[in-house]
Each structure stands twice: as C-alpha cells, then as structure tokens.
Amino acid sequence: MPKAAPDAAYAVLTHAFDALRIHDYDAAISFFGKAAALVPGRADIRKNMAYALLKIGDSEAARDQFGEAMRLDPSDLHVALEYAFLCYEATGEAPARKAEARRIFLRIRMSSDTDARATAAAAFENIDSPLAAGIARWQQVLANSRPTFSALYELAQLAEQRDELDLAADSYKRAFQLLPERKSVLLELARVEKARGNAEGATAALLAASRGGETRAAELAREQLPERYPYVYEFRNALALDPGNDALHRELAYLLLAMSEKDQASRGDAEQEFKQIVDRSPHDYLAAAQLGILYLAGDDNALAMPILRDVLAHADQATANRVRMALKMPLLLEERRPENSPDVAPFDPRVLAERSYQAGFFKDAKRYFLAAREQNPADASIALKLGWTTNLLHDDAAALRWFDIARRSDDHAISTEANRAYGNLRPGLALFRTTLWVYPLFSSRWNDLFGYGQLKTEVNLKKLPFRPYVSLRFVGDARRSTGGVSPENLSESAFIFGAGVATRYWRGAMAWFEAGTTVSYLNGTRSADYRGGVSYAKTIGASIAAEHSGWFIESLADSVFISRFSNDLLNYSQNRAGFTSSLGGFKVQTFWSNNLTFDAKKQYWANFVETGPGFRFHPPGTPPSLAITLGVVRGVYLRNEGNPHRPNFIDFRAGIWYAFTK
C-alpha cells in the first residue's frame with residue numbers, strides 16, 4: 001500500500017488548534033492564514049479561520065473566509081448558511097450582499113439536508129416576502145403620483161436585493177435623471193449592470209461617475225474602471241446616461257481634437273462636442289476659443305469671428321492671447337502684479353502646464369512641463385506627462401525618452417503606466433526590430449499537421465520608405481512527404497533563408513520582396529528562392545483584442561509571387577464576419593468565412609472558393625497575440641484539369657497563432 005503524502009500544513013495547523021484551545025484567537029488566525037497559503041484548496045482551513053475571526057468580532061473578514069470555503073466546497077451547506085447570514089447583515093454594498101444571501105437561501109431550501117433546508121426556507125421567506133411587498137408598494141406609489149428620487153431609489157434597492165435586475169437598473173437610471181448631482185447612484189447602477197452581464201452599461205456608469213460631481217464617488221469609480229484610457233464610444237455611452245456632465249463633454253472634445261490631428265477622427269466631431277460645451281456654458285471661454293479656432297481652420301469665418309470676438313472681449317489674458325495668435329494679432333503682455341502681493345500665488349509652471357494640457361494647448365503644455373522639470377528633475381510624474389504631451393505632438397522619439405525616464409520611478413502607478421507606453425512605442429522607433437510568428441495548423445482535407453513560422457529582423461531607417469530585413473522561414477508538415485519542385489500540399493518541407501525589403505504600412509497595405517535559399521530538411525537539397533508580393537489587412541469593429549463586445553468584419557488579402565512554384569503568382573482573399581464576445585475569461589469570436597484562392601498558372605490546387613463557420617478564442621492568462629481558431633469550410637475547385645480529387649471538399653481546420661515583437 002503506497003504511503004500517504006505528508007500534509008504540508010500539518011505543523012502549522014497544530015499550532016493553530018493549540019492557540020484555539022487557550023483562546024489565543026489572534027495567534028490562531030495567523031496560523032490558519034499561513035496554512036491556507038500552504039494549502040489553498042483546503043475548505044476546512046478557511047472555515048476554521050472564519051469561526052476564529054467571529055470570536056474576535058471581525059464579521060467582514062469572517063464573511064470573506066466563509067465565502068472562500070463555500071467556493072472550495074459548495075456541498076458544505078452549513079458553511080453556505082453562515083456566509084449567507086453574514087452577507088445579509090453586511091452594510092457595505094448592502095443590496096448586492098442581501099441579494100447574494102437570498103440566492104444562497106433559495107438554493108439550500110431545495111437541498112436534501114432537512115435541518116439546513118428548514119433554516120434556509122425560513123430565512124428565505126423572512127427576506128423575500130418583505131422585499132416583494134416593498135416592491136409592490138413603491139410601484140403603486142410611483143403609479144399614483146409624480147416620481148421622486150426617493151421613491152425610485154428605494155424601489156431600485158429592493159429590486160436589486162430580490163434579483164429583479166432589469167427593474168433595479170431602470171429605477172436607478174430614472175432616479176439619477178431626477179437628481180444627476182448624486183453620482184454615487186451611478187456606482188450602484190454599474191454594480192447592477194455588471195450583474196446583468198452588461199459590461200458596456202457598467203463602464204458607462206463608472207465613466208460618468210468618475211468625471212465631475214462627488215469626489216468620493218469619482219475615486220471609487222476610477223478604481224473600478226479599466227487601466228486603459230476610455231474609448232470614444234464609451235464616452236458617448238456615458239454621455240447618453242449623463243448628458244449634463246460638462247467634464248465628460250470637455251474631455252471627449254479634447255480627445256476628438258487630438259484624434260483629428262492624427263486623422264483618427266473628423267474635425268467635425270470635435271467641433272460638435274465643443275459646440276455643445278459652449279451652448280451649455282457660454283462663459284467657458286477656453287472651450288469657446290478652441291471652437292472658434294476650429295471654425296477658423298475650416299475657413300468658416302462667419303461662425304468663427306463672433307465667437308473669437310467674444311473671447312477677446314471677456315476671456316482671461318492667456319486665453320485671449322491664444323485667440324490673438326490664431327488671428328495673427330499682436331499679443332498683449334499679461335499684467336504683472338508685485339511679487340510680494342499677498343493675494344498672488346508664485347509662478348508655478350506645473351499648474352500652467354496642467355491647464356494647457358487639459359485645454360488641448362499641447363505646445364504650451366510642453367514648454368511649461370519642461371520648466372517644471374528644470375525646477376524638480378526628480379519628479380517622475382512630470383516626465384510621464386512630458387511623454388504623453390510629446391506623443392500628442394507626434395514627436396514619438398522624444399516621448400520614448402520621457403517614458404523611459406518615468407518607467408524607472410519608484411511609484412508603482414507611474415512606472416506601470418510609463419512602462420506600458422514605452423513598450424507600445426519602442427518597436428516602431430527601435431533601429432532593429434525582431435518579429436517571430438508561428439502558426440501550426442491541422443487540416444482534415446489533407447489529413448496532415450502543418451507548421452508555418454518566420455523569424456525576421458528589420459532595420460528601421462526612418463528616412464527611407466522601406467525597411468530592409470533578414471528572414472528565416474519554416475514551412476513543413478508532420479507527414480514529411482511533401483516538397484519537391486512544385487509542392488502543392490501546403491508544405492515545402494524546408495527552411496528558407498532570405499533577405500529582402502518591405503514598405504511601411506499604408507492604410508493596411510504593404511509590399512515586400514526577398515531573395516534567398518530554400519534548404520529541404522528531408523534530403524538537404526538547396527535551391528534559389530525568390531518571393532514577394534502585396535499584403536492587405538483590415539479589421540472593422542470589435543477585434544479579438546478589443547475590450548468591448550461587438551460585430552466585426554475582417555479582410556486579409558495577399559498576392560504572392562513564389563519562384564519555387566514554377567514562378568507562379570498566388571492570390572488569396574480571406575474574409576470573416578462575426579461577433580466578438582467574452583465567455584468567462586475567454587475572448588471569443590464566432591464568424592462565417594468566405595475565401596477565394598486563384599493563381600496565374602491556373603493549377604487546380606490553387607483555384608477554389610470556400611465558405612463555412614468557425615470560431616476563434618483567446619484563453620485568459622496567455623500572451624495577447626495568441627489565438628486559437630477552429631473552423632469547417634465547404635470548398636469547390638474552380639479548375640479540375642489534372643485534379644485527382646473530387647470537385648468539392650469539406651475541410652476541418654484547427655490552428656494556433658502566436659507572435660511577438662521585440
């Protein structure tokens with residue numbers, strides 16, 4: 001009989017139970033915590049720690065440990081009951097906690113354990129009946145009188161506790177519309193939207209709460225938002241929920257302005273947002289100045305001049321000078337007050353830089369941030385701001401230097417943000433860039449497992465419209481029976497050493513050419529290899545890397561000359577349309593494919609059309625560029641001269657794509 005494996009937590013648990021016997025609960029809790037770290041899958045350790053925490057009156061920590069024990073062992077109904085009762089007594093996020101307690105009692109009252117079933121049934125009835133009565137009462141009040149914030153808010157709270165999430169979300173929204181100053185309501189709406197599975201609705205509520213209004217609500221909302229900067233559609237969703245949020249309007253306006261400078265948005269979108277700000281707040285002269293300058297840049301003087309004249313007449317000196325600069329008028333010196341004047345703050349370039357940055361005057365912001373950097377060279381947050389400012393000014397080389405400085409900061413938040421920005425910018429600016437991609441693929445049509453890959457190092461010569469590179473390709477298969485002069489079965493069974501040039505991408509398209517040598521790994525034969533062509537890739541909508549769900553269309557097209565294929569020109573068009581969603585931690589794309597392949601030599605194996613369903617997913621915890629694709633297509637050969645196969649086929653394919661750039 002094999003010897004049982006030793007209990008890794010035995011010694012620590014012995015100390016924990018010894019401490020319990022002498023009522024030293026603090027020591028027992030400490031030992032239980034160490035044991036849980038050693039054996040994280042043990043529910044009994046969590047349960048004993050929870051009871052010890054109850055002994056010292058820490059019900060919140062006890063609730064968390066009971067919850068973890070319930071997760072590890074759902075069959076322990078008594079632990080589940082303890083957790084449910086503590087949830088019901090919770091004060092923080094009370095509606096959500098009470099709803100969770102109700103769900104647990106509902107589950108346990110259907111169990112086979114007589115005692116647990118009776119306890120859960122009584123608890124459920126004590127919770128559910130008052131909730132149902134309260135919901136009915138408030139609905140009656142709202143039906144018979146004018147809706148008030150209090151009535152709608154109370155109804156939302158009760159509906160959330162009873163898991164009537166649609167009613168809760170609608171009531172929270174209506175309550176917020178009556179009292180939009182109460183941004184904390186948006187936090188509760190976000191919680192309900194998340195419970196409903198409406199991630200976009202939750203993000204909209206959090207984004208609206210994070211801009212303007214209650215300081216505490218804004219802080220809590222920012223903690224729950226993704227680390228990345230919000231997308232334009234997320235700002236629009238938030239404004240649909242909170243149309244009176246001037247801070248949101250202003251931030252979206254400057255975002256659209258920055259994007260229009262990079263041809264990522266139209267100037268008209270930015271104009272429209274600034275116009276809404278000015279219409280709502282006529283005395284916001286910074287926004288008015290920017291709107292007038294945008295009209296002026298579009299040669300719409302009839303709209304621009306009344307606005308700019310109003311700014312010149314009423315705005316502060318700095319804003320008025322901005323308008324004078326746009327109109328090519330002489331600037332006025334700002335009035336200097338005596339330095340010892342008690343009501344004048346000393347010149348602070350950091351404050352002026354922040355104001356200029358928020359107003360979208362990035363050249364001014366850069367000048368002031370540089371002055372602030374001279375005053376305080378150890379402040380990494382200034383370096384980070386200089387990175388973003390120079391990036392918005394299209395000076396990515398300078399931005400890279402500032403991000404490099406900021407990512408060495410001891411402040412974790414600053415270093416994390418700067419490191420992410422540095423990693424995004426560096427590949428496009430480095431002198432040498434190395435890319436590796438691999439794509440193993442199984443095809444039932446050929447009953448074979450193929451392997452494709454390329455290791456390529458490019459030289460980034462910024463003044464040239466192309467990049468020279470050296471490359472090592474691999475094209476092979478598991479059957480090791482392909483290859484030869486005219487390999488038709490998707491495999492050349494060879495390593496291909498080459499050097500070439502590739503143009504920079506323009507609107508998703510690029511051209512390339514390389515010359516090299518093919519070396520067969522089956523027999524060692526060598527032959528000259530020349531290949532080149534044009535590639536195009538475009539994705540519209542929610543890609544698999546997108547944070548949000550939605551429809552997408554993806555088009556990939558290649559026209560490739562390959563000397564080894566009898567100097568043939570092969571043409572591919574692969575098109576997918578489908579929906580991107582999240583399933584658990586997985587990003588999933590369900591799509592329909594339509595593919596076309598044809599060549600100049602009119603060979604049967606290179607002329608066919610395909611159509612069929614498939615899906616692609618990105619597992620959680622894996623590199624961002626990894627994706628697994630499964631699909632099945634129905635294909636028809638367009639030419640059948642010399643075709644030893646049937647004129648049509650069905651092909652099941654499974655492949656894994658992975659790439660990285662350094």
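Side-chain atoms are counted along with the backbone in the values below, which use heavy atoms only and exclude waters and symmetry mates.
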Student: Please enumerate all residues that pass side chain to side chain donor-acceptor pair (under 3.5 Å) together with S415, with sequence neighbours excluded.
Tutor: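 Partners of S415 by the side chain to side chain donor-acceptor pair (under 3.5 Å) criterion come out as none, since no residue qualifies.
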Student: Considering residues at least two apart in sequence or located in another chain, which fulfil the salt bridge (Lys or Arg N to Asp or Glu O under 4.0 Å) criterion with R616?
Tutor: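 Partners of R616 by the salt bridge (Lys or Arg N to Asp or Glu O under 4.0 Å) criterion, ordered by chain and then number, come out as E554.
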Student: Only counting residues at least two apart or in another chain, list the ones meeting salt bridge (Lys or Arg N to Asp or Glu O under 4.0 Å) with D269.
Tutor: none
Student: Quick one: salt bridge (Lys or Arg N to Asp or Glu O under 4.0 Å) partners of R222, sequence neighbours excluded?
Tutor: none
Student: Once salt bridge (Lys or Arg N to Asp or Glu O under 4.0 Å) is applied, do any residues pair with K456, and if so which ones, sequence neighbours excluded?
Tutor: E458
Student: Excluding sequence neighbours, so at least two apart, what forms ring-ring contact (aromatic ring centres under 6.0 Å, His included) with Y530?
Tutor: none
Student: Using atom types as modelled, flag every donor-acceptor pair under 3.5 Å from a side chain in residues 532-542 to any protein atom, sequence neighbours excluded.
Tutor:
from: S535; atom 1: OG; to: D558; atom 2: OD1; distance (Å): 2.5

Student: Only counting residues at least two apart or in another chain, list the ones meeting side chain to side chain donor-acceptor pair (under 3.5 Å) with N523.
Tutor: S520, T525
Student: Who are the side chain to side chain donor-acceptor pair (under 3.5 Å) partners of R196, not counting sequence neighbours?
Tutor: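 Partners of R196 under the side chain to side chain donor-acceptor pair (under 3.5 Å) test: D166, E193.
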Student: Checking N567 now: which residues fulfil side chain to side chain donor-acceptor pair (under 3.5 Å) with it, not counting sequence neighbours?
Tutor: none
Student: Provide the full list of salt bridge (Lys or Arg N to Asp or Glu O under 4.0 Å) pairs with a residue in residues 434-443, sequence neighbours left out, each pair given once.
Tutor: none
Student: Return the set of residues passing ring-ring contact (aromatic ring centres under 6.0 Å, His included) with F552 (not counting sequence neighbours), or none when no residue passes.
Tutor: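 Once residues adjacent in sequence are excluded, F552 has no partner under the ring-ring contact (aromatic ring centres under 6.0 Å, His included) criterion.
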